[in-house]
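Before any comments, here is the structure.
Side chains are part of it too, since the values below use all heavy atoms of this structure and drop only hydrogens, waters and symmetry mates. Counting from 1, the numbers follow the sequence of the chain as shown.
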Amino acid sequence: MNVTHLTYIDWLIMLVYFAFVLGIGFALKRYMRTSNDFFLAGRSIPAWVCGLAFISANLGAQEVIGMGASGAKYGIVTSHFYWIGAIPAMCFVGIFMMPFYYGSKARSVPEFLRLRFDEKTRAVNAFSFAIMTILSSGISMYAMALLIQTLGLFKGILPDAMIFHVSIILSALIVLGYIFLGGLTSAIYNEVLQFFLIVAGFLPLVWIGLRNVGGWQGIKQTLPPSFTHSWRGMEHANTNNLGVEWVGLTMGLGFVLSFGYWCTNFLVVQRAMAADSEESARKVPLIATIPKMFFPLLVILPGLIAVSMGSHMTSASSAAGQPAGVTATASLPASAVTDMDRPHGIVPVKTDPITGAPVIDSNGQPVYNYDLTIPVMLLHFFPTGILGLGLTALLASFMSGMAGNVTAFNTVWTYDIYQAYINRKGSDAHYLWMGRMATIGGVALSVAAAYAVTGFNNIMDALQLVFALVNAPLFATFLLGMFWKRTTGHGAFCGLTIGTVAAFIHHGLTLPLGDAVGIHGGWIHVVHQYPSDMAQNFWTAIFAFTINFIITVVISLSTKPRPEQELVGLVYSLTPKPVETHLEWYQKPSTLAIAVLAVAVVLNLV
């Protein structure tokens, strides 16, 4: 990719953004008087602000870069991550889960597990969640450094071999600055700003891109049907791009992974817990579903546009009597060669970030860097000024992802690890200090994680693997704990531990086709191969959930349950239902949830 030459307008837009981000941290620093202010924003933020932060915390690299990459790699089938893999679970969180989280006054998800089960179950979740947040933050950091390196922003200023490393350090320092100063409140208000920046930056990209490829009809005429139909070929794993049949999709993604992520991930739950009342907390996930439903238009469509550009322009030039790929594709990278079995359009070949050498798979074929789909689109379509806005939107998504994970990490570390097992008698001021130290430690560990994920050519694959290993077994524990009063602490602990181990074993015994043994799987022995990384992730989640569920039930039936009076407010059947008599029918969270689910069904059928 050519070096990007930004004008002073582009640089000014980005610098104003960074100044504003750090300014919010400085402005809020004087309000961070207690640990509750720093970790939970004093539970004083309006529902609509928390709702936008709820979705924006999820708008990190996984959403913008990852979904754009998945759109280019798998096609419109990626929309299932929204309409099946997010909306139903978000509605479930708002209606059923938030009354437990908010009403119990738990400061974190692991602390809720302690209240419902016991200390050892909390410990397992606290440590596994801390690791997951570090990995997720590292993925966002890696994506941001990759973008800066690819754009060549420091070309001529730093040696080429140093750009990737310096970019990681710079992104780490900026996120560290505003979280260290303003805590969760700073992160939430920055996430609202980042939400609007992302929308403003990507709407023009989609509009310009569609005009250049002939709209949706142009994409359908250019790409294979499997790229433009979300349900086609789902009868069998080998007949669709995702490499998973409808059972694996609905159970692995639609149930285990999605409910496991949205119901148990403290990263997003923390935003709802910052709301000013239980009623507001229930509405937070529901408010977030409204923009969430339409985000495929912003982040998946650019991927489809990118892979259709080479073939679309080649077809157009051939129709005009010109040699294919000579005139019409002259301005495109060399990788814009049409391959109708595996279209990649203007997506470049992946190169090693350290050596710069092209990466090839086990079959000797080039590995395309789908993570660069969105950056390539921005460079190809955006002029001066608008390019600065687009790049700022990208940087905002990375900041959002990193900050969300770091704020969740410092809370869990301070409350569920440090206070629980290291220093139980510290003062509130001491825990506030430890929270800031945990922020520094979390950012430092994220830097290390950023280097560990360079082996994936699609960060969405890496993230879904992390969720399959951590969130999938945890969801079984939550589901049984909240809706079956007979579930015991011993059962939950054994199920969670064995389920997590089972997820790792399944990953170690399986491998996606075309991938080398190692971080992609098969590190124990390859006994089965999946058509894709994503198929492997879905089935890893299903195995982990099922084994956890069975083990928890068996152990719970053979151990003594807690008295029912101790479970009030922690088990659905023993907890008073939220009072809604003062609300009109259209103001009730359940009404909003039904309307959202109805729209999601329509979107799946279109």
Side-chain angles (χ1 to χ4, degrees), residues 1-29 52-53 56-57 59-61 64-65 137 140-160 162-182 185-205 372 374-404 406 439 443 446-447 450:
M1 188 180 295
N2 295 328
V3 178
T4 305
H5 297 289
L6 300 178
T7 67
Y8 72 92
I9 296 177
D10 299 313
W11 281 111
L12 182 62
I13 292 173
M14 287 189 283
L15 289 174
V16 167
Y17 165 70
F18 287 124
F20 203 90
V21 162
L22 292 172
I24 289 177
F26 276 105
L28 293 172
K29 183 179 184 297
L52 292 181
S56 187
L59 271 178
V64 178
I65 293 292
S137 178
S140 288
M141 196 174 290
Y142 157 72
M144 184 171 180
L146 183 68
L147 171 68
I148 294 173
Q149 181 191 43
T150 303
L151 297 179
L153 297 184
F154 297 136
K155 192 83 170 179
I157 302 174
L158 296 170
D160 289 352
M162 293 296 298
I163 292 176
F164 183 79
H165 309 293
V166 172
S167 300
I168 284 183
I169 300 302
L170 280 178
S171 62
L173 290 175
I174 293 170
V175 170
L176 173 62
Y178 75 80
I179 296 178
F180 185 88
L181 294 169
T185 307
S186 176
I188 285 178
Y189 281 104
N190 268 307
E191 285 160 1
V192 174
L193 167 66
Q194 288 153 356
F195 171 82
F196 288 110
L197 270 175
I198 291 167
V199 173
F202 281 83
L203 272 178
L205 179 65
L372 293 181
I374 297 295
V376 168
M377 288 282 289
L378 290 173
L379 295 179
H380 190 76
F381 286 122
F382 274 7
T384 298
I386 299 296
L387 177 59
L389 179 62
L391 293 178
T392 302
L394 266 185
L395 297 177
S397 75
F398 303 143
M399 293 291 185
S400 178
M402 284 185 278
V406 171
T439 302
V443 170
S446 298
V447 171

Counting only N and O atoms by type, is there a donor-acceptor contact under 3.5 Å from the side chain of N190 to the main-chain atoms of A187? no
Exercise: identify the closest heavy-atom pair between G388 and M14: O-CG, 4.1 Å
For the residue pair I168 and A145, what are the closest heavy atoms and their distance? CG1-CB, 3.3 Å
OG of S56 to OH of Y189, rounded to nearest 0.5 Å, is 14.0 Å
Residue pairs involving residues 163-172 (criterion salt bridge (charged side-chain N to carboxylate O under 4.0 Å, His left out); sequence neighbours excluded): none
Do F381 and I386 make a side-chain contact, defined as non-hydrogen atoms from C-beta onward lying under 4.5 Å apart? no
The reported gap from CG in L170 to CZ in F18 (rounded to nearest 0.5 angstrom) is 9.0 Å
What is the minimum heavy-atom distance between I198 and A393, and which atoms define it? CG1-O, 3.6 Å
Atom pair CE/CG of M402 and L176 - distance to nearest 0.5 Å: 11.0 Å
Rounded to the nearest 0.5 Å, how far does OH of Y17 lie from CD1 of I174? 8.5 Å
Residue pair D10 / L391, side-chain heavy-atom distance below 4.5 Å: no
For V406 versus S137, what's the shortest heavy-atom pair and its separation? CG2-OG, 3.8 Å
If you look at every heavy atom in A172 and V443, which pair is closest and at what distance? CB-CG1, 3.5 Å
Can you tell me how far apart CG (L52) and CD1 (I188) are? Round to the nearest 0.5 Å. 11.0 Å
Taking the side chain as every heavy atom from C-beta outward, state whether L394 and F202 have any pair of such atoms under 4.5 Å apart. yes
Closest non-hydrogen atom pair, S186 against I24: OG-CG2, 3.9 Å
Please round to the nearest 0.5 Å and tell me the distance separating atom CD1 of I169 and atom CE of M141. 8.0 Å
